[in-house]
Amino acid sequence: MDKVLLADGHARQALALAKAFHDLGCYVAAVCESGLDVCALSRYVDKAIKDKNIHERPDLRVELVKREISKEQYTLVVACSDVTAEQIAIHKQELEAYTKVSVVDKEEFYLAFDKMETMRICMENNIPCPKTYLDIQTIEELKKKEIAYPVIIKPREGYGAIGFHKFDDEHSLMSYLGEHESEIKFLIIQEYIPQTDIQYEAAMFVDENNTIKSAMVFEKNRWFPVHGGSSTCNTSVHDDDIVRNCSKLMQTIQWRGCADIDLIRDPRDGVAKVMEINPRMSGSAKIVMLSGVNLALQLLQMAKGEEVTNYPDYKDGIRLRCLYTDFLWLLKSKDRFKANPAWFDFKNTYEQVFTWKDPKPFFGFSLASLLKLKRELKKREG
């Protein structure tokens, strides 16, 4: 029997993977931070390895993984979050003394993780992306460039929208950079794409022969916080241009395994442009699998050195929502009654965590989310 260790038992996509690996006949274990983690409560997880300390010290997660795979024989370790994927990439050589991992080598990981390098590769290979001002080290170097405003700056490496700033003119940009001059080399400066069109995600899988084995696209219909956050409702769609451009990007950087690419359609020219690569399993892996692409099977086949199943097509119109955050969107958004799809349209719609056959994770996830929201609101009050 194949044994799979999910390194992020708290992640929503880990729950979908747990079921998929279980359905393939695998023994499934998961590293969890608490008893409220979705994998700690799932009937599809055979063993939950808990350590509350890893919430404050992410490096301890890899130590826990290493101890587990040194004691028991596993076929594969799967990372679902950026933080864990980075840690596993750093320690990949020592971990693969025991088993295969779902993460690429450190060099390839940071090539994708560095937004500057992603933009450089896109621009060098005619892959649509925002115009980016490369290799700016000082304010004086930036002043020599012909800048078209508005522009945004954000960290070259980082998670989510942390550190994102928009500037409408030279004065505001130079004023900000004057206060952060020592950080310029760690920032990416690029044109601002108006946030008025559809955002997309392309979930990719590349085998060891640099062949695209699946490329599934979904549009992000809503997100929370409403002015920029994690998607709360996604719908599977087909877009040949996105598939072609993302496939070219993945093959150019010699990627292996899972990754997902964020894009936004530029309302000025109608082109979907690459924003960044997320070098790990998509947070919405469930919609990929509901649409007909079995990521768990592909990961297992690659780990065992087998031919990876090709999925040339998938279902359109499959919708996945996170009910908890989508409800918060309904409360906060001014577009609550103009949403497309409508908030109360449940056709072909699945919940990110809840299923009737495995209901406990939903209640644990909901309670953990409420506790997290309460902590975040308290921080803001302070």
Before accepting this row, confirm whether a basic side-chain N of the pair E117/R120 lies closer than 4.0 Å to the acidic partner's carboxylate O. yes
Student check: side-chain heavy atoms of L249 and N125 closer than 4.5 Å: no
So for atom CG, which belongs to D240, do other residues, nucleotides or ligands contribute more than 12 heavy atoms lying within a distance under 6.0 Å? no
Do the side chain of R61 and the main chain of V83 share a donor and acceptor less than 3.5 angstrom apart? no
Does atom OH of Y149 have more than 12 heavy-atom neighbours, drawn from other residues, nucleotides or ligands, at distances under 6.0 Å? yes
Looking at side-chain heavy atoms only, is the closest gap between C246 and L263 below 4.5 Å? yes
Atom NZ in K50, atom NZ in K52: separation rounded to 0.5 Å? 12.5 Å
Donor-acceptor pair, D114 side chain versus Y110 backbone, under 3.5 Å? no
Common cluster, F337/F346, ILVMFWY with side-chain heavy-atom separation under 4.5 Å: no
Can you tell if the side chain of E68 reaches within under 4.5 Å of the side chain of K47, non-hydrogen atoms only? yes
When clusters are formed by joining ILVMFWY residues with side-chain heavy atoms under 4.5 Å apart, either directly or through shared neighbours, do F363 and Y44 land in the same one? no
Audit row: M250, I212, side chain to side chain contact (heavy atoms under 4.5 Å, CB included) steps and yes/no: CA-CA 8 Å; M250 289 287 96; I212 305 295; 4.2 Å; yes
Check whether any side-chain heavy atom of V78 sits under 4.5 Å from a side-chain heavy atom of F21, and report yes or no. yes
When clusters are formed by joining ILVMFWY residues with side-chain heavy atoms under 4.5 Å apart, either directly or through shared neighbours, do V62 and Y74 land in the same one? yes
Classify the side-chain pair R256/N210 by whether it contains a donor and acceptor separated by less than 3.5 Å. yes
Under 6.0 Å from the CZ atom of F327, do we count more than 12 heavy atoms belonging to anything else shown? no
For the residue pair M119 and T132, what are the closest heavy atoms and their distance? CG-OG1, 3.4 Å
Fellow cluster residues of M275, listed by chain then number, with links counted only when side-chain atoms sit under 4.5 Å apart: I193, I264
Same cluster (ILVMFWY, side-chain, under 4.5 Å), L41 and Y27: no
Atom pair CG/CD of D8 and E33 - distance to nearest 0.5 Å: 8.5 Å
Without swapping roles, check the side chain of D2 against the backbone of T75 for a donor-acceptor pair under 3.5 Å. no
Heavy atoms of other groups near K273 NZ, more than 12 under 6.0 Å: yes
Working note: D169 + S172, criterion side-chain hydrogen bond (donor to acceptor under 3.5 Å, both in side chains); need CA distance, chi angles, decisive distance, verdict. CA-CA 6 Å; D169 52 58; S172 59; 3.0 Å; yes
With heavy-atom distances below 4.5 Å as the criterion, would you say the side chains of K66 and H91 are in contact? no
Under the criterion side-chain contact (heavy atoms from CB on, under 4.5 Å), which of Q93, K92, E96 is the partner of D105? K92
Can we call the ring centroids of Y314 and H238 under 6.0 Å apart? yes
Over all heavy atoms of both residues, which pair between L111 and T118 is shortest? Give the atoms and the distance, please. O-OG1, 3.9 Å
What closest approach, in Å, do S34 and A40 show between heavy atoms, and which atom pair accounts for it? O-CB, 3.6 Å
Check whether any side-chain heavy atom of I253 lies under 4.5 Å from a side-chain heavy atom of E108, and answer yes or no. no
S214 side chain to Y311 backbone, donor-acceptor under 3.5 Å: no
So, D135 and K185, do they make that salt bridge, N to O below 4.0 Å? no
Separation of L177 CG from E170 CD (nearest 0.5 Å): 10.5 Å
Would you mind checking if E86 and R280 are paired as a salt bridge, meaning a charged N to carboxylate O distance below 4.0 Å? no
Nearest 0.5 angstrom please: F344 CZ to R336 CZ, how far? 10.5 Å
Quick one: does any side-chain atom of R321 pair with a main-chain N or O of W343 as donor and acceptor, under 3.5 Å? yes
With a cut-off of under 6.0 Å to the ring centre and 45° to the axis, is K145 in cation-pi contact with Y133? no
Does Q137, at its CD atom, have more than 12 non-hydrogen atoms belonging to other residues, nucleotides or ligands within less than 6.0 Å? yes
So does L323 get a backbone contact from the side chain of E351, meaning a donor-acceptor N/O pair under 3.5 Å? yes
Would you call E191-R268 a salt bridge at under 4.0 Å N-O? yes
According to ring-ring contact (aromatic ring centres under 6.0 Å, His included), who are the partners of F354, at least two apart in sequence or on a separate chain? W356, F362
CG of N294 to CE of M289: how many Å apart, nearest 0.5 Å? 7.0 Å
Chi angles and distances behind the side chain to side chain contact (heavy atoms under 4.5 Å, CB included) call for K315, N348: CA-CA 11 Å; K315 300 173 188 175; N348 294 329; over 6 Å; no
Would you say the side-chain atoms of N209 pair up with the backbone N or O of T211, donor to acceptor, closer than 3.5 Å? no
Run the side chain to side chain contact (heavy atoms under 4.5 Å, CB included) test on K220 and D262 for me, step by step, so that the C-alpha distance in whole Å, both residues' side-chain angles and the decisive distance to 0.1 Å come before the verdict. CA-CA 10 Å; K220 301 179 181 182; D262 287 330; 3.1 Å; yes
Do T99 and Q73 have side chains that approach each other closer than 4.5 Å (heavy atoms only, starting at C-beta)? no
At their closest point, which heavy atom of T309 faces which heavy atom of K213, and how far apart are they? O-CB, 3.8 Å
Least distance between heavy atoms, W255 atom then A259 atom: NE1-CB, 3.3 Å
For the side chain of S247 and the backbone of V243, is there at least one donor-acceptor N/O pair under 3.5 Å apart? yes
Rounded distance [0.5 Å steps], CD in Q195 versus CD1 in I152: 9.0 Å
So, D37 side chain and C39 main chain: donor-acceptor pair closer than 3.5 Å or not? no
Just by modelled atom types, is the R67 backbone N or O under 3.5 Å from a matching donor or acceptor in the S70 side chain? yes
Start with the C-alpha gap between E201 and S284, add the side-chain angles, then the distance that decides, and say whether side-chain hydrogen bond (donor to acceptor under 3.5 Å, both in side chains) holds. CA-CA 9 Å; E201 196 165 306; S284 296; 5.2 Å; no
L299 vs V4 side-chain heavy atoms within contact, under 4.5 Å: no
Consider only side-chain N and O atoms of H22 and D46, and report whether a donor and an acceptor are under 3.5 Å apart. no
On a heavy-atom basis, which atom in G9 and which in V38 lie closest, and how many Å separate them? O-CG2, 3.4 Å
Group every Ile, Leu, Val, Met, Phe, Trp and Tyr by side-chain heavy-atom contacts under 4.5 Å, then state whether V271 and I261 land in the same group. no
